[in-house]
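Numbering of ligands and ligand atoms starts at 1, following listing order.
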Amino acid sequence: VSIHDKIASIKETGRPVIGCFPLYPPLELFDAMGLAPVILWGFSDNIGRTPESDRHLQDYTCSVARRLAEWVLSDAGQALDGMFMYNACDTLRNLPEILEAGTAAAGRPIPVHRIHLPMAGPDPAVDLSGYIRDELDTLILELESRYKITFSAEKFEKSVHRHGKIRELCRTLEGFVTDGRMPFSDFVRTVHQNGWHSSDVQVPFLSSVIEKTGCLPAGNPEPVKGRVLLSGILPPPHGICDAIEAAGLRVAGNDIATLYRSYADTPAPGADPGRYYTQFYSQHYPCPTLLQTADRRTEALIRLARERRADGVIFVGEKFCEYEYFEFPYLEKQLKAEGIQTLRLEIAMGDASSAAHRTRIEAFAEMLGERV
Ligand code: SF4
């Protein structure tokens, strides 16, 4: 089922659809206000070519931004009633203006709502709560005025609980990959497709997959060659996920932005968006796109690798994403000091499952197999 079908079913409910980027928008708030947020990420199954985007973005832009722009600027983007973005990498910095101008030129302007996140480090002397609270208050006023809706603290608290549950179910499902019940590529499809449902459908959808998968027998507790973590912005294409498991490796966990970094944890529930999002953004599971979390990243990755008893980490580099690439050498050095081996793959627009990637994965698996 494509993203178009999913969004069409949301629109039947009459809720305005808000396309969001980057990956960590205030989903709980949109939901509580009767809007349907959809994160515009994970299009690799649906968008192979980017002719519309190529008229605006250079070909040394990452595939994430090119596919996102293609989807919004093509006819498919007509499904959106609004867009939301916050500041992240340099690639995305001017994208709202490009999309705003592009959709206006096509005669179907889409409003873009924005907040700015301060990228300050974890200095306890710097209190960001007032700034983030102001940004949220301004956003709420803008949404109320634009969509003729009202904010309710009670609905917000319920929405916070629901999104906490969705993240918890994603973690449960990931456990089935770790114990060999579910191929990693099926897990990726399930979690990405889940994000294109409205949130009230997400809990029953994930619960039914968990119920069915939980009945299957667990796989061999010890994989043939070794246990690996995958790290990157996006998971690798399905063919490469399958090649990793076919090489005898078990995906014991992931540090992927569209997956674990999105569902790893959630702040304590509450009815105050200012408090909730101050904690959400300042304490978020580390991701290079949230610069304020950068100092905690190495420690978090090593802790995850230890918890999952990983023998190796496969870095899935998104071509042209300097945010991830800047960190790889340091992370590799720190992991090797812990006795954890690393492999770096680079995935570009159009990569599916190249023979070169498969050969390197098989060689990495052989090397790990000799050590475990
Ligand atoms: S963080 Fe990296 S992958 Fe994501 S949009 Fe920016 S450059 Fe592209």
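For atom 6 (Fe) of ligand 1, the set of protein N/O/S atoms nearer than 2.8 Å consists of C89 SG, ordered by chain and number.
Residues Y260 and L229 form no side-chain contact, since every pair of their non-hydrogen atoms from C-beta on lies 4.5 Å or further apart.
For the salt bridge (Lys or Arg N to Asp or Glu O under 4.0 Å) test, residues two or more places apart in sequence or in another chain that qualify with D90 are R93.
Between the side chain of E135 and the backbone N or O of H116 there is at least one donor-acceptor pair closer than 3.5 Å.
I98 and M349 fall into different hydrophobic clusters, where Ile, Leu, Val, Met, Phe, Trp and Tyr residues are linked whenever their side-chain heavy atoms come under 4.5 Å apart, directly or through other members.
K319 NZ: 12 or fewer foreign heavy atoms inside a 6.0 Å radius. The environment of K11 atom NZ is dense: over 12 non-hydrogen atoms of other residues, nucleotides or ligands sit within 6.0 angstrom.
Scanning the protein heavy atoms around atom 4 (Fe) of ligand 1, the nearest turns out to be W41 CZ2, 3.9 Å.
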